[in-house]
Peer 1: 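I'd like to ask you about the structure that follows.
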Amino acid sequence: MPTAPPQPLLHSFAAPRDCLRASQEFVMSDQPESPSSSLPQNFVQLVAGLEFQPLKAAEDEARAKRLYRLRHSAAHLMAEAVLQVFPDAKVATGPAIENGFYYDFDLPRPLTPEDLEDIEKRMKKAAKRANRFEITEIPIADARRRFEATNQTYKVEVIDKIAETQKPATVTLYRQGAFCDLCAGPHVHNTVRLKHFKLLRSSGAYWRGDATRPMLQRIYGTAWENQEDLDAYLNFLEEAKKRNHKRLGEQLDLFHFHQEAPGAAFWTPRGFIVFQSLLTYWRELNVKRGYKEIFNPMLYKKDLYIKSGHYTHYKEDMFIIHQEETEYCLKPMNCPDTFLFYTSKRRSFRELPLRIAEGGILHRNELAGALNGLFRVRQFMQDDAHIFVTPEQVESEIFAVLDIVREVYGLFGLTYGFTLSTRPEKFMGEADVWVQAESDLKAALDKGGLAYAIDEGGGAFYGPKIDIKIDDCLGRKWQCATIQLDFQQPLNFDMKYTASDNTPQRPIVIHRAVFGSIERFIGVLLEHTGGALPTWMSPVQAIIVPISDKVLDYAFLLCKQATDMGIRAEVDDRNEKMGYKIREAEMKKTPFMLVVGEKEAADGTVSLRTYRDGQQPTTPAAEVLATIVQRIQTREFDVTITPLRTFDVEDESAAAEADEY
RNA sequence: GCCUACGUAGCUCAGUCGGUAGAGCACUUCCUUGGUAAGGAAGAGGUCACCGGUUCAAAUCCGGUCGUAGGCUCCA
């Protein structure tokens, strides 16, 4: 049967207006309106050649610099206190970080929570002594000799690295009270400025982040300019804890973990509805955007992964099963088996772009210590797809995928950023092919007017990628969506299509996932919404609360009507008072609560209560049901997001300085 | 995998100096028939993560294993 020429799907769904709006936003943030446009002619000269920036940005930057200084100074103060307790401690590095500071130490024994209290008390005392921070500049060789003589071997190593990379003649030492440190500064003038800080926790940290180097003890602390900010930050940490998706998963009865299957979620009936609602949406999108879904096996002989390169480049992360003489692997990615689908028959250029989706269940052998609720699991489902394209189709397909990302994240009101990840150290293929792939991705991003960061060496071993990171309520970033360009696997799998001139050609593969891991995305969404999911995702969309069992018949009738209309509705027919039932429905964050008593039963109404807005006027039942159906069908994001105050004061220069000492 | 902490009822957590285990919620039964976030009573429920050691005696002290949390590292 001849294949119908593929529809040029791009024009049917591309949302030029949305693209334009997004690109304008990005452009606007980068290029503020020219100040000369509204100035009198004779003032144009005044501002010629000057760069202006919004006051707020300038103030934020000044504050960020002050906080950086404060926190870095607090780190020195902490080192002073630690040395009081452990005079033989070796100090490593102690930078200011986002929201606080840390310092790494090599100590004779592990720190206890009591130690932290003790150290914090000593810090407060030391701060009150009002010691000045003082600076001296000495030849680098002299500094090295001094630190070597005091057996501060980590500092010696830092100095050696500075000598090698920056080759300065001198370095600076800062001293306050009973502590002196190699440090580029700057610092506050006096320890009396350090008042509003708190030590948060201690943990292990490899020297230089290298697992082959010694494990040091790191103490984290936070420091602020005033008590109000400190309290607000500590409160933020408390609130963030309440929003933790593991806690919400328990409270809302969505999923569990069991030690018999570490790193794999067990979805409850309620939770699986949430999971399925995302999958249903994903499948609708696939149809709308011209994707076909396939369903492949989960277990493969290792030969597949030898061919794809995973066996060489990814074996550490794979679960491998030895069955008699044969070695099998649980699939860690969907790509290799999707490629088997592609090569299962001869392909024509008329089929391209061929968009193949697969929501495969993947297993990755993550390190035990890396597991973290739904955020880092060993088993997960990916809303994966592979697009097989001709070279001419690359840019428009990438652009179309970026448009899907915009649509999907827009649906959840999520903010996100792009990162272009380039060739890693371990890579397959030819370097110039990589250069081509990277420039194609750049072109698509630039064309969309999208701002992006570059992660040098962060690409997959088979190709460069655009990663999209979602911001969560804690200001953390989570990689969900990814778009990867692959020139390599078509070679490994000898993929071909017959071109219009009847010659065999090599397709290019675009890998893409938007949710990334369905599990992780649900985790992010739970924290983002505080567990109050939009109606279309809610396990129970409407709970009917009969006031007494005299109106049970009406309640069940309503429930049937609602169910017939496609609403997930339940009657709470337990022998409890309505206040109790409402409390339970509220705690489960049920979007619609339909309270019915004898009055409502008599005139076919419901007393409406919503999770978002509380008690509403009594309304005809049909009207309420119609509203709910509409919310579900349009997938309205009917949730009020109350973002936690973020304390994110990014300062690139501060971050760069923090790198070293 | 490494560092630190933790693991007591379905959930959240008490449990002192080593002396055979407790609360609230949830669950079951009964009473109660109610108007927008917890009505009352009774009952049932635990090999104190698991394995070993010390001890007359271990939830408690020691060792190991597994799991969890926060980091380090890695990554969707």
Side-chain angles (χ1 to χ4, degrees), chain A residues 102 104 107 109-113 115-116 200-220 241 244 246-247 250-251 253 256-263 314 316-317 332-334 362 364-378 380-384 421 458 460 465 467-470 478-482 484 511-521 523-524 545-552 574-588 593-600 607-611 614-616 618:
Chain A
Y102 69 78
D104 287 345
L107 302 176
R109 67 166 174 84
L111 289 166
T112 63
D115 287 329
L116 287 199
L200 297 176
R201 59 180 172 267
S202 64
S203 70
Y206 295 112
W207 170 234
R208 293 271 186 232
D210 181 345
T212 64
R213 311 295 302 271
M215 175 69 73
L216 304 175
Q217 296 193 62
R218 174 172 298 179
I219 305 176
Y220 283 96
K241 235 190 244 173
N244 181 294
K246 282 161 273 181
R247 190 184 167 119
E250 189 68 52
Q251 187 192 330
D253 188 22
H256 299 279
F257 288 91
H258 296 282
Q259 64 176 43
E260 286 82 355
Y314 204 72
E316 298 270 291
D317 290 281
M333 295 183 188
N334 294 304
L362 310 180
R364 297 184 186 176
N365 192 10
E366 300 289 348
L367 296 179
L371 299 179
N372 175 9
L374 295 177
F375 283 163
R376 171 71 66 203
V377 287
R378 286 191 177 143
F380 62 103
M381 186 187 276
Q382 212 173 41
D383 62 316
D384 212 350
S421 300
K465 55 182 183 172
D467 286 328
I468 295 112
K469 292 192 171 128
I470 290 177
W478 287 100
Q479 181 170 337
C480 292
T482 181
Q484 307 177 354
H511 306 240
R512 52 127 284 199
V514 179
F515 296 128
S517 143
I518 302 287
E519 281 80 355
R520 172 185 291 179
F521 190 81
V524 171
V545 179
I547 289 174
S548 77
D549 57 14
K550 288 176 198 155
V551 291
L552 275 182
R574 292 175 303 172
N575 179 12
E576 296 291 349
K577 289 199 173 180
M578 60 167 295
Y580 180 87
K581 294 178 187 178
I582 285 173
R583 179 182 149 81
E584 290 231 325
E586 286 279 346
M587 296 211 304
K588 286 278 189 293
M593 288 157 270
L594 279 46
V595 180
V596 295
E598 293 182 79
K599 269 189 298 186
E600 289 78 7
S607 173
L608 180 62
R609 182 187 172 97
T610 67
Y611 180 78
Q615 193 173 352
Q616 303 293 305
T618 296

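Order of the sequence lines fixes the chain letters, A, B, ..., with proteins taken first and strands second; residue numbering starts at 1 for each chain.
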Peer 1: Of the nucleotides rU73(B), rA76(B), rC27(B), which one has an atom closest to the side chain of Arg574(A)?
Peer 2: rC27(B)
Peer 1: Which part of the nucleic acid does Leu216(A) contact within heavy-atom distance under 4.0 Å: base, sugar-phosphate only, or nothing?
Peer 2: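 The residue Leu216(A) makes no contact with any strand.
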Peer 1: Roughly, in whole Å, what's the span from NZ in Lys599(A) to P in rG34(B)?
Peer 2: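 Answer to the nearest Å: 13 Å.
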Peer 1: Taking only the C1' atom of each, what is the distance from rG45(B) to rG24(B) in whole angstrom?
Peer 2: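 So the two C1' atoms sit 15 Å from each other.
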Peer 1: Using atom P of each nucleotide, how far apart are rA41(B) and rG19(B) to the nearest Å?
Peer 2: 33 Å
Peer 1: With both distances kept under 3.5 Å, what pairs with rG46(B), Watson-Crick or G-U wobble?
Peer 2: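 Pairing partner: none.
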Peer 1: rG71(B), rG1(B), rA37(B): which one has an atom nearest the side-chain heavy atoms of Arg201(A)?
Peer 2: rG71(B)
Peer 1: Output the single nucleotide from rG34(B), rA37(B), rC72(B) whose closest atom is nearest the side chain of Ile582(A).
Peer 2: rA37(B)
Peer 1: Hunt down the Watson-Crick or G-U wobble partner of rC6(B), both distances under 3.5 Å, from any strand shown, or write none.
Peer 2: rG67(B)
Peer 1: Nearest to the side chain of Ser203(A) - rG70(B), rG34(B), rA37(B)?
Peer 2: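 Nearest listed nucleotide: rG70(B).
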Peer 1: Please give the distance between the C1' atoms of rG46(B) and rA21(B) as a whole number of Å.
Peer 2: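 Per the computed distance, 8 Å lies between those C1' atoms.
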Peer 1: Please write out the pairs of protein N or O atoms and N or O atoms of nucleotides 7-11 of chain B separated by less than 3.5 Å, giving the distance to one decimal.
Peer 2:
none

Peer 1: Is any side-chain N or O of Glu316(A) under 3.5 Å from a base N or O of rG1(B), one able to act as donor and the other as acceptor?
Peer 2: no
Peer 1: Using a heavy-atom cut-off of 4.0 Å across all strands, would you classify Glu366(A) as base, sugar-phosphate, or nothing?
Peer 2: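 Base: the residue Glu366(A), judged by heavy atoms under 4.0 Å, touches a nucleobase.
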Peer 1: Choosing from rC2(B), rC74(B), rG70(B), which nucleotide comes nearest the side chain of Met215(A)?
Peer 2: rC2(B)
Peer 1: Considering only rA76(B), rG67(B), rG34(B), which nucleotide approaches the side chain of Gln382(A) most closely?
Peer 2: rA76(B)
Peer 1: Under a 3.5 Å limit for both distances, which nucleotide forms a Watson-Crick or G-U wobble pair with rU33(B), could you say?
Peer 2: none
Peer 1: With rounding to the closest Å, how many angstrom separate the C1' atoms on rC11(B) and rC17(B)?
Peer 2: 31 Å
Peer 1: Measuring only the C1' atom in each nucleotide, how far is rC51(B) from rG7(B)? A whole number of Å is fine.
Peer 2: 15 Å
Peer 1: Which part of the nucleic acid does Arg609(A) contact within heavy-atom distance under 4.0 Å: base, sugar-phosphate only, or nothing?
Peer 2: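 Base contact - Arg609(A) has a heavy atom under 4.0 Å of at least one base atom.
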Peer 1: Identify whether a stacking contact exists between Tyr580(A) and rA37(B), where the ring centres must be under 5.5 Å apart and the planes under 30° apart.
Peer 2: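 So no, this residue does not stack on that base, at least one cut-off failing.
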Peer 1: Can you sort out the partners of Arg609(A) under side chain to side chain contact (heavy atoms under 4.5 Å, CB included), two or more places apart, ordered by chain and number?
Peer 2: Ile582(A), Glu586(A), Met593(A)
Peer 1: Has the side chain of Tyr206(A) got a donor or acceptor that lies under 3.5 Å from a partner of the other kind on the base of rG1(B)?
Peer 2: yes
Peer 1: Paired with rC74(B) by Watson-Crick or G-U wobble geometry, both distances under 3.5 Å: which nucleotide is it?
Peer 2: none
Peer 1: State which of rG34(B), rC27(B), rA38(B) makes the closest approach to the side chain of Ile547(A).
Peer 2: rG34(B)
Peer 1: Between rU29(B) and rA49(B), how many Å separate the two P atoms, rounded to a whole number?
Peer 2: 31 Å
Peer 1: Can you identify which nucleotide, out of rA37(B), rG67(B), rG71(B), has its nearest atom closest to the Pro262(A) side chain?
Peer 2: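 Looking only at side-chain atoms, Pro262(A) lies closest to rG67(B).
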Peer 1: Taking OP1 and OP2 of rG40(B), is either one under 4.0 Å from a side-chain nitrogen or oxygen of Lys577(A)?
Peer 2: no
